[in-house]
Amino acid sequence: ENYPTPLPLQEGAQAPIDAISATNDTFRIAYMPPATEFNYYIAIGEGIKAVAAEAGVDVFMLAPQSGADINGQMGMIQDVLTQDVDAIIFGTHDEFAAAPLLKQAVDKGMAVLMINSDIPNFPTPIHGVVGYSQRNGTHKIADWAIENYGDKPLKVGIIEGQPGYHSTERVGGFLDGIEGNENFDVVVSIDGKWNVEGGNTAGMDILQSNPDLDMIFAANDYMIIGASFAAKALGRSDIVLLGNDGDTSGLEEIAAGNITATVNTSPFLMGKAAMHATIDALNGTYPGGWIETPTSIEDKAGAISVLQEPEKLFPQPSKEY
Amino acid sequence: MKRIFDTQLIGPFAAMVIVALVVALTTERFLNPGNLSNLSLQVSIVALIAIGSTIVIFAAGIDLSSGSMVALLTMILAQVLKFMGIPLVLAVPLILLAGGLLGLFIGLITAYGRIPSFITTLAALIAFRGLALTFNNGSPIFSLDPSLEPIFYGKFFNIPLPFFYLIFFYALAAFMMNFTKLGREIYAVGGNPAAAVLTGINVRKVQTTTFVIAGFMTAVGAILMSARLNSGSPNYGQTLELQAIAAAVVGGASLAGGRGNILATLMGAMTIVIVQNGLNLNAAPSSIQNVVLGLIILMAVGIDMWRVEISALMARIFRRSSPPQSSNIEKED
Amino acid sequence: MKRIFDTQLIGPFAAMVIVALVVALTTERFLNPGNLSNLSLQVSIVALIAIGSTIVIFAAGIDLSSGSMVALLTMILAQVLKFMGIPLVLAVPLILLAGGLLGLFIGLITAYGRIPSFITTLAALIAFRGLALTFNNGSPIFSLDPSLEPIFYGKFFNIPLPFFYLIFFYALAAFMMNFTKLGREIYAVGGNPAAAVLTGINVRKVQTTTFVIAGFMTAVGAILMSARLNSGSPNYGQTLELQAIAAAVVGGASLAGGRGNILATLMGAMTIVIVQNGLNLNAAPSSIQNVVLGLIILMAVGIDMWRVEISALMARIFRRSSPPQSSNIEKED
Amino acid sequence: MTPATPLWEFVNVSKAYPGVLANDKVNIRLMPGSIHGLLGENGCGKSTMIKTLSGVQQPDSGQILHNNNPVTINDPQAARDLGIATVFQEFSIVPTLSVGENIFLGNMPRSRFGVIDWGQVNADASRVLAEMEVNISPETITGTLSVGEQQLVEIAKAIAMDASMVILDEPTAALGEDEIERLHQLLRNMRRRGTAILYVSHRLDEVERIVDEVTILRNGRVVRASGETEINVSKIVSAMVGEDIGEHYPKEQNATADVVLEAQGLATRSGVKDATFVLHRGEVLGLGGVLGSGRTEIARALFGTDELTAGQIRLEGKPVSFRREIDAIRAGLALVPENRKFDGLFFNFRASGNITAASLGGLSRLGILNLWAEEQATHELIRDLEISTQAEEKTVNFLSGGNQQKIVIARWLFSDSDILILDEPTQGIDIGAKIAVYKLINKLTRAGKAIIFISSDHDELLAMSDRIAVVQHGAIVRTVNASDLTHDDLVRASADNSPSKPEEEFA
Ligand SMILES: Nc1ncnc2c1ncn2[C@@H]1O[C@H](COP(=O)(O)OP(=O)(O)OP(=O)(O)O)[C@@H](O)[C@H]1O
Ligand SMILES: Nc1ncnc2c1ncn2[C@@H]1O[C@H](COP(=O)(O)OP(=O)(O)OP(=O)(O)O)[C@@H](O)[C@H]1O
Ligand SMILES: [Mg+2]
Ligand SMILES: [Mg+2]
């Protein structure tokens with residue numbers, strides 16, 4: 001199969017697959033991530049495109065630039081609703097805002113799947129959810145950290161994303177993972193705004209205020225990349241730096257030894273899975289439910305082996321590993 | 001009536017029609033009835049906020065705070081609805097009041113503190129988003145009141161409600177600007193504040209009032225935003241202030257104050273939204289959308305600035321007569 | 001020298017010192033040598049860009065484009081270094097040239113198109129970020145050239161290099177503003193453009209030049225940004241233009257043009273960064289940081305505006321004499 | 001007396017603005033060592049001609065000859081290089097820069113490396129100011145000076161250039177008698193050194209005193225070339241206007257004995273020290289004084305703009321206290337400010353908006369304006385005051401200075417004020433418009449209104465006032481009947497700086 005067996009969504013959250021009615025002979029599918037500003041969603045999109053090319057399906061991407069621009073994203077969904085689109089693969093930072101519009105899409109007979117999510121109870125019934133468990137991923141990296149560094153007391157700093165579901169879940173997963181372990185002492189937790197610049201500033205400042213920090217966990221790879229520059233500038237090459245995503249650049253930084261490890265969520269593969277499921281849904285062969293895509297913790301050795309399979313990555317690594 | 005629909009409307013109206021024609025010709029589904037009612041939804045929030053931004057501009061001020069104020073107000077609305085259990089019928093007027101008060105605050109600092117509005121509203125732009133983040137630990141508050149959504153998505157005779165809000169508030173604003181003492185005073189203050197003082201106009205009060213109006217209209221926009229997204233978030237409304245100003249400017253309002261037609265702002269907002277809609281319907285990437293929007297702003301203002309030269313050029317081309325050479329006159333007042 | 005270090009510096013300098021004192025007293029590690037060199041890193045990018053923003057303001061313009069231009073230029077730099085294999089020694093001057101050209105473009109449209117700079121740079125703010133997104137599918141480009149990083153992180157006699165860039169460019173700018181024809185023409189154009197025209201100053205050329213300078217300094221900032229993050233991204237520099245303007249304004253530059261000391265902008269930028277650093281060292285949430293920054297901007301400008309009243313008040317409090325009651329004099333210029 | 005070759009000559013120079021032919025085949029010859037008066041009504045094209053000669057704009061057709069050679073003057077810098085220095089009608093100083101810098105703006109002394117030599121700037125500026133007998137430090141920020149002082153800086157700019165051709169477009173509009181006399185002396189000195197001088201002014205009395213020859217323009221055309229007119233006010237006026245306009249100062253005596261306003265010991269922080277006077281119904285009370293004596297400040301004190309620190313104002317015997325302008329307006333006061341362009345007019349409005357601006361309360365019910373009444377009243381006032389009918393359709397920036405001034409006065413007719421303060425109401429307007437303003441003053445006093453009249457033109461002040469209050473250093477030192485004073489008395493009285501011996505002055 002092209003994807004793991006779906007798990008059923010919660011009671012009432014599953015829209016009936018047999019009500020899907022494609023209007024075009026060549027399927028026309030809209031991929032609508034919350035923003036173009038994250039490589040991550042571009043990587044998912046590349047996975048989607050790869051499958052679309054194989055299957056001979058039309059797919060286009062429409063997204064606002066900023067993930068904060070939810071109003072802009074809703075405007076785009078509204079605009080897409082007036083077109084003859086057969087399916088929408090979407091991701092959003094605000095499911096309640098999207099719900100009324102996606103309900104219209106479902107009512108019109110479009111296939112509607114959500115990407116990069118683990119929400120089993122989307123506020124309006126949709127056809128499927130594809131993604132990894134945010135909380136489990138960062139929980140895993142906390143476990144990994146305990147296994148590798150947990151034998152002596154550690155001072156830990158956390159760089160959060162801008163507040164919201166993703167930040168809460170990822171930071172929450174990490175905190176759950178280290179809970180109860182006396183050696184892990186979280187001394188500071190500040191906002192890195194999801195980007196490299198913010199991660200760099202946050203890294204500088206927390207290393208200033210806590211020069212004895214041993215470990216930094218950031219809620220995504222961009223922020224930990226930013227923090228790594230700060231650590232380097234302050235001569236702290238010994239510090240343990242943990243991220244989340246499995247972004248190609250993040251993996252390359254791990255391979256180069258600038259970052260310690262990350263949660264690899266394989267966005268490219270997630271996109272492929274989502275597209276297969278969507279096409280199946282349009283063909284009536286998808287049962288509905290949540291497809292959990294796998295995650296893994298990659299340190300230097302792991303990152304190199306992932307980078308050795310560039311066909312599963314987007315963007316491509318900058319060199320051959 | 002002649003007063004409201006004056007010559008200042010011709011340019012923005014023509015621009016809107018031309019843009020609509022171009023989009024209609026290049027985009028299949030643009031003229032679907034579904035898409036047309038969609039347009040009125042898309043334009044509503046920014047166009048309503050732009051009423052306030054434009055009136056502030058008429059009085060020679062500028063309001064950079066509206067985007068952040070939207071974020072703050074959606075958070076207050078969400079807080080009030082979800083965690084304080086205040087019913088919607090009370091919450092809505094409360095938010096309108098809060099918007100007016102925030103505007104009053106900005107207005108008082110600007111007018112009585114003699115601080116340029118660019119600065120006060122820049123400070124507010126930064127501070128309001130900070131304040132919005134203090135609610136609910138900075139996390140968005142989702143899924144508010146089920147009766148909130150119909151405020152935005154509801155229909156009346158199959159026409160979306162926001163269409164009626166637009167008509168109502170623009171009619172009110174046009175009436176105010178053209179037929180009331182306050183409207184006249186706003187233009188006077190924008191045109192020449194020193195002269196306004198000497199004619200007994202309470203310039204500071206008038207300036208403050210424009211910010212109260214802007215705050216109120218921003219609250220209207222915030223309520224619609226919350227209704228549309230059924231949530232409040234400290235991230236909402238980013239760059240909305242620039243979009244609202246862009247609407248005013250594309251509509252021909254002069255940033256120097258004193259001049260402009262409020263209805264032209266609606267056309268400016270429509271022009272921008274039609275272009276965005278056209279680009280969306282053609283699945284243009286957001287990079288292109290930004291570039292096109294930038295060009296539209298430039299062109300709209302350019303056409304307005306060069307009106308004399310352009311009409312002279314047109315005259316020369318079409319009439320083949322030779323009027324006095326066109327000149328580069330510096331306007332000295 | 002008296003000319004450069006004039007009385008206009010006293011206020012911003014005092015503000016900076018007071019803020020630094022407060023932070024030093026409340027924050028343990030503020031005065032660590034490590035943190036002090038950290039400060040010069042933190043302030044460098046915004047302070048260098050603010051040189052350009054301030055000079056534009058001196059000529060009574062405003063530059064809203066610098067944040068987006070940083071994004072665009074980091075993307076161009078990344079593209080050129082990583083995908084076109086151009087060596088760093090060529091790439092750096094190329095980016096400086098590109099910044100100057102973008103500034104030239106904005107300047108020409110503003111000055112010769114007679115479009116207010118608020119509008120041209122608003123359009124550029126929107127369009128440049130769109131252009132930045134057209135590179136590399138809108139994805140950031142990481143790990144550029146290993147020799148790029150030292151540009152930002154390098155040290156000389158254990159002092160971070162950005163510290164020297166600050167000294168160099170501020171000295172140059174102060175010299176230019178006070179001792180060259182161009183500098184004085186910039187003030188003249190900002191103070192009274194009509195008079196400047198009649199005096200034979202090529203106002204449009206001077207205005208254009210200020211934007212070229214701004215573009216160049218933005219390019220300097222963009223190179224440092226890329227070096228700092230060893231990458232280019234279409235998301236870099238968001239709201240950087242506002243921070244740069246805030247630095248100018250906190251330093252006392254009048255948005256009306258014609259007045260101000262460029263060195264005061266450095267103090268304005270320092271003041272802002274010290275506060276942010278202090279809040280970060282105390283792990284204050286970003287919500288508070290925003291609110292505090294908003295208040296600082298207001299206070300800085302307020303103190304400048306009310307200088308007359310405040311000194312009258314001080315006089316009354318300290319001398320216990322009774323001078324005539326403080327008044328609300330309207331400044332009419 | 002003068003050599004036969006003109007330094008500069010215009011041959012059939014024409015210049016059009018959209019809709020107006022501002023200069024129509026103008027010919028003029030400017031001789032070295034001669035002060036040439038360029039006269040005409042508002043809008044006849046004087047400034048247009050000057051801007052053409054100064055390189056600010058290019059002529060549409062015609063030739064400019066310099067020492068009989070045709071030249072093109074591409075920009076103001078080119079004009080300067082050809083030895084032309086111009087004092088423009090619009091203020092062209094930069095308020096934020098120092099006096100020294102303004103004087104040398106555009107050609108600052110610089111060292112070998114292009115670095116500005118500030119020592120030189122200030123020394124040279126001091127020298128020029130000293131030559132003009134002006135006591136201003138070159139390091140003062142120009143914007144902090146009084147309007148008159150700024151005008152002197154403006155003139156210093158031209159003098160500093162040491163030019164062979166000096167053009168002055170209404171240089172005296174903001175100057176007092178004393179400064180005018182000093183300027184004239186300076187011009188005479190330059191004439192002696194062979195400088196050609198082109199002089200524009202609406203103060204025909206001073207023109208009469210100084211010019212050697214006049215050229216008169218009407219509607220953009222030369223109607224009297226140099227030498228065709230005798231230099232005599234009434235001859236000049238009839239040539240300018242094209243008809244005989246009769247009495248220049250058509251004063252009517254309408255003063256009564258009813259006191260409408262009494263000011264007792266007024267003082268403000270802006271410089272009024274002790275202003276005491278009474279104003280009667282139908283009276284014109286002139287305020288005389290030198291530049292900066294504080295007449296404008298007295299007006300501001302009366303109008304509630306500046307807060308009183310001492311003293312008392314009574315209206316019809318009742319004490320009043322104005323906290324803001326609107327209080328004064330409600331009580332029936334009106335102020336026509338000194339500078340109509342900056343403080344008077346709304347250039348974004350047509351006549352109607354300008355005329356009703358001070359009466360919006362009365363024009364509205366529940367905040368809604370009666371636009372019909374507004375148009376009606378505007379129409380009538382435009383007719384009664386003979387304002388250009390264009391004012392009904394176009395914004396007021398298209399109007400001539402005289403029409404603009406009438407509109408500002410019309411504002412207070414519409415508001416039905418009882419006491420009008422006219423601060424330099426005839427500044428910069430032509431003789432025809434001045435007479436229209438005088439007639440308006442008569443019309444007002446006839447209707448029982450009282451007027452406080454501020455003017456730096458002593459002849460006008462003497463002729464149009466019933467009584468004159470002499471202001472020195474913010475205090476009214478003396479009030480006398482206008483008919484008891486001569487021009488020279490007034491000059492001496494107002495110029496006197498020693499408050500110890502004011503008694504003898506009017507002995
Ligand atoms: N920049 C301009 N654009 C259009 N029309 C203009 C411009 N400047 C002057 N005019 C018009 O040209 C004519 C001549 O104006 P000009 O300023 O030369 O008159 P003037 O003789 O100097 O008048 P005044 O005595 O009031 O200074 C007037 O009708 C005026 O309205
Ligand atoms: N806005 C102002 N702020 C501070 N000082 C001012 C202001 N305006 C005028 N002054 C000062 O007040 C004094 C009087 O100014 P001004 O020349 O206006 O006097 P005036 O009596 O109105 O002159 P005139 O007699 O020509 O009407 C001057 O010393 C001037 O510097
Ligand atoms: Mg003139
Ligand atoms: Mg005066």
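We name chains A, B, ... by the order of the sequence lines, and we start the count at 1 in each one.
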If you round to the nearest 0.5 Å, how far is [atom2] of [Y] from [atom1] of [X]?
X        : Y        : atom1 : atom2 : answer
B:Leu182 : D:Ile368 : CG    : CD1   : 12.0 Å
B:Leu198 : D:Asn339 : CG    : CG    : 11.0 Å
B:Lys181 : D:Arg365 : NZ    : CZ    : 15.0 Å

(request) Kindly write out the residues that satisfy side-chain contact (heavy atoms from CB on, under 4.5 Å) with D:Asp418, not counting sequence neighbours, or none if the list is empty. (result) D:Lys449
(message) Please check: side-chain N/O of B:Asn192 versus main-chain N/O of D:Phe342, any donor-acceptor pairing under 3.5 Å?
(response)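 Yes; at least one donor-acceptor contact below 3.5 Å.
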(request) Verify, without hydrogens or angle tests, whether D:Asn348 (side chain) and B:Ala188 (backbone) share a donor-acceptor contact under 3.5 angstrom. (result) no
(message) Heavy-atom pairs under 4.5 Å with chain B: which of D:Pro337, D:Ser364, D:Ser415, D:Gly367 has the most?
(response)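 When all of D:Pro337, D:Ser364, D:Ser415, D:Gly367 are compared, D:Gly367 has the most.
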(request) With a 4.5 angstrom heavy-atom cut-off, could you sort out which part of D:Leu345 is near chain B: side chain, backbone, both or neither? (result) backbone
(message) Please classify the contact of D:Arg411 with chain B as side chain, backbone, both or neither, using a heavy-atom distance under 4.5 Å.
(response)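 D:Arg411 touches chain B through side-chain heavy atoms alone.
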(request) Indicate yes or no: at least one non-hydrogen side-chain atom of B:Thr199 is less than 4.5 angstrom from one of D:Glu325. (result) no
(message) Counting C-beta onward and ignoring hydrogens, is there a side-chain heavy-atom pair between B:Arg184 and D:Thr356 closer than 4.5 Å?
(response) yes
(request) Mind listing the closest non-hydrogen atom pair of D:Gly344 and B:Ala195 along with its distance? (result)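 The answer is O-CB, 3.6 Å.
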Take atom [atom1] of [X] as the centre, draw a 6.0 Å sphere, and report whether it contains more than 12 heavy atoms from other residues, nucleotides or ligands.
X        : atom1 : answer
B:Asn202 : CG    : yes
B:Phe105 : CZ    : no
B:Phe13  : CZ    : no

